[in-house]
Number of protein chains: 2
Amino acid sequence: MATGRTHRPATRSRGIPEATVARLPLYLRALTALSERSVPTVSSEELAAAAGVNSAKLRKDFSYLGSYGTRGVGYDVEYLVYQISRELGLTQDWPVVIVGIGNLGAALANYGGFASRGFRVAALIDADPAMAGKPVAGIPVQHTDELETIIRDNGVSIGVIATPAGAAQQVCDRLVAAGVTSILNFAPTVLTVPDGVDVRKVDLSIELQILAFHEQRKAGEEAAAGVAADRAAGPARSAAVAGREDSATDQGPDGDVPAVMPA
Amino acid sequence: MATGRTHRPATRSRGIPEATVARLPLYLRALTALSERSVPTVSSEELAAAAGVNSAKLRKDFSYLGSYGTRGVGYDVEYLVYQISRELGLTQDWPVVIVGIGNLGAALANYGGFASRGFRVAALIDADPAMAGKPVAGIPVQHTDELETIIRDNGVSIGVIATPAGAAQQVCDRLVAAGVTSILNFAPTVLTVPDGVDVRKVDLSIELQILAFHEQRKAGEEAAAGVAADRAAGPARSAAVAGREDSATDQGPDGDVPAVMPA
DNA sequence: ATGTCTTTGTGAACGCGTGCACAAAGATTG
DNA sequence: CAATCTTTGTGCACGCGTTCACAAAGACAT
């Protein structure tokens, strides 16, 4: 799950659960592919397989949108594409600004997925004066000074932050002050925003670290050889450790033997 | 939430809930910042604020790792940094390969977050022969032909896919066959992998679409002017629609009036 | 030592999300 | 028109994750 949302009732969004909303783009992608192959209808089973989810879950998800299927037949592909697009608000074009045109910002600007479906890169913004005017992905980079003007003139409500971590909060504040109410943050920082502003975070190193955790666990399971009490020493604990070994509550008697790779 | 996991018991991973694992990197980052400022101890309240989470949640998360705090004082920063690093498997260096050195791949290769904490870019791989040998981020790009050799020689278990969608599954299959068991996928595709292989997905357009959904909802709430029965026509439904209006079960009588922006 | 004050660790309750399993709906066939 | 077959839509139960609220633990002052 993508994370980083400024708390709010969180789930209830016109009745559609957050988890369902997060899957709608997945369904939409699968449906678009079917549409391009001129497939007229699809069953929940087929579509679920294409989207990589459980078919019951898919049916329940669609039930929040309404009864768009036909029993005994399945779902009409074109109709469903339209309904989901409308639900996600992709029948209109959202102008988006990307702030921070480094390697990542440039990659984002060139990313076809933006322009293709519902989004339009309204402007690229960077703090480096040397970048100003230089075209990236066919769009000239503009200086940060013009941020407010760009936001207001284009009616931008979605901003993408691809700056270094140090600049992210400041950029965020300016975006919000200028009227942006949804932010996609690539900078490795926790952004603080006022109520009513949505933030979604994409963090590469966090994803990698989660993978590393599972990878380590896998390695530890295999190497279930003689690993018992070689718990790493690490830096000396400055404060007291207190009753660790005997404070086993209900977590299981194994405590926290890491079973880490001996390597 | 990042999504896309090849189902498995999912949560139970040596007792630590998935949701907690996903937050550990967040805590680690906040703690590292404190460590650099030579802050000796931190309370759950302070740390939670820095990480952008609830303090009770943070304490419960830490309780899965063990009792590392001192009541009345808080947590020892250095000790906690070490414990979380160890738990995440960052005390060892994970060699990582990046496949697909386009705009995004190059951005990833240049991303400082990789090298800094537990990860090392072992190789950059691209299918374009013209790219071969060209250095990106100081590392020469190698051709896809050498993928298997690179994986085996370097003992790589984590792969990053930054190829176009069309090539992703094929690259994935080769990575897995060569021994990779964790994949971070940036291509907008559902990857199919055998059991025992973890996949995490980062999908820019999905994140944007989720934002668009909420943005639309906000706009619709404000513009609660006279919007009632102008439900868009859309493409003609080919199959029968059946009882839509009257099949209101318990979803509420409002049915699915989208309250969409008139624009 | 004793008391007070701070902060952790966690039991318990609640709510959301998931998946099963089945009844209802409709297509299709005879 | 009746019977059969397919597939949807959903009631229900279960489990994970979040949050509250508080007792226990320890620091610190007297």
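Lettering follows sequence order; numbering is per chain, from 1.
Residues passing the side-chain hydrogen bond (donor to acceptor under 3.5 Å, both in side chains) test with A/Asn185: none are found, sequence neighbours excluded. With sequence neighbours excluded, the residues that form a side chain to side chain contact (heavy atoms under 4.5 Å, CB included) with A/Thr32 are A/Leu28, A/Glu36, A/Arg117. In this view, A/Ser43 and A/Glu46 satisfy the side-chain hydrogen bond (donor to acceptor under 3.5 Å, both in side chains) rule, not counting sequence neighbours. Not counting sequence neighbours, B/Ser85 has no partner by the side-chain hydrogen bond (donor to acceptor under 3.5 Å, both in side chains) test. Looking at residues two or more places apart in sequence or on another chain, you find a side-chain hydrogen bond (donor to acceptor under 3.5 Å, both in side chains) between B/Glu215 and A/Thr181, A/Ser182, B/Lys218. Scanning for side chain to side chain contact (heavy atoms under 4.5 Å, CB included) contacts around A/Asn54 gives A/Ala56, A/Lys57, with sequence neighbours left out.
Rounding to whole angstrom units, CD of residue B/Glu46 and P of C/dT8 are separated by 9 Å. Per the geometry, CG belonging to B/Asp61 stands 10 Å off C1' belonging to D/dG17, to the nearest Å. Between the OH atom of A/Tyr79 and the P atom of D/dT8 there is a distance of 16 Å, rounded to whole Å. To the nearest angstrom, P of C/dT10 lies 12 Å from OH of B/Tyr68. Summarising the geometry, the separation between CZ on A/Phe62 and P on D/dT8 is reported as 10 Å, rounded to the nearest angstrom. Note: OH (B/Tyr64) to P (D/dC16) measures 10 Å, nearest angstrom. Distance, A/Gln83 CD to D/dT8 P: 17 Å, rounded to whole Å.
Between A/Tyr68 and A/Tyr79, the ring center distance clears the sub-6.0 Å criterion.
With D/dG9, D/dA24, D/dG26 as the candidates, the nucleotide lying closest to the side chain of B/Thr70 is D/dG26. Of the candidates D/dG17, C/dT18, C/dT8, C/dT18 carries the atom nearest the A/Arg23 side chain, counting heavy atoms from C-beta on. Closest contact between the side chain of A/Val73 and the listed nucleotides C/dA27, C/dG9, C/dA24 involves C/dA27. Of the listed nucleotides (D/dG17, C/dG9, D/dT10), D/dG17 has the atom at the smallest distance from the side chain of B/Glu18.
For the pair A/Tyr75 and D/dG9, the criterion of a side-chain N or O lying under 4.0 Å from OP1 or OP2 is met. The side chain of A/Ser44 places no N or O atom within less than 4.0 Å of a non-bridging phosphate oxygen (OP1 or OP2) of D/dT7.
Among residues at least two apart or in separate chains, ring pair (Phe, Tyr, Trp, His ring centres under 6.0 Å) pairs with a member in residues 22-55 of chain B are B/Tyr27-B/Phe62.
A residue-by-residue look at A/Thr20 and A/Gly72 shows that A/Thr20 has its nearest nucleotide of DNA chain C further toward the 5' end.
A rotation axis mapping the C1' atoms of four pairs onto the next four is fitted at both ends of the helix from C/dA1-D/dT30 to C/dG30-D/dC1 over five pairs, and the angle between these axes is 10° to 10 degrees.
Residues B/Thr189 and A/Arg29 bring no donor and acceptor atom of their side chains to less than 3.5 Å of each other. There is no side-chain donor-acceptor pair under 3.5 Å between B/Asp61 and B/Ser63.
One donor-acceptor pair, N or O on each side, does fall under 3.5 Å between the base of C/dT8 and the side chain of B/Arg71.
Looking at residues 48-60 of chain B, you'll see B/Arg59, B/Lys60 sit with a heavy atom under 4.0 Å from some atom of DNA chain C.
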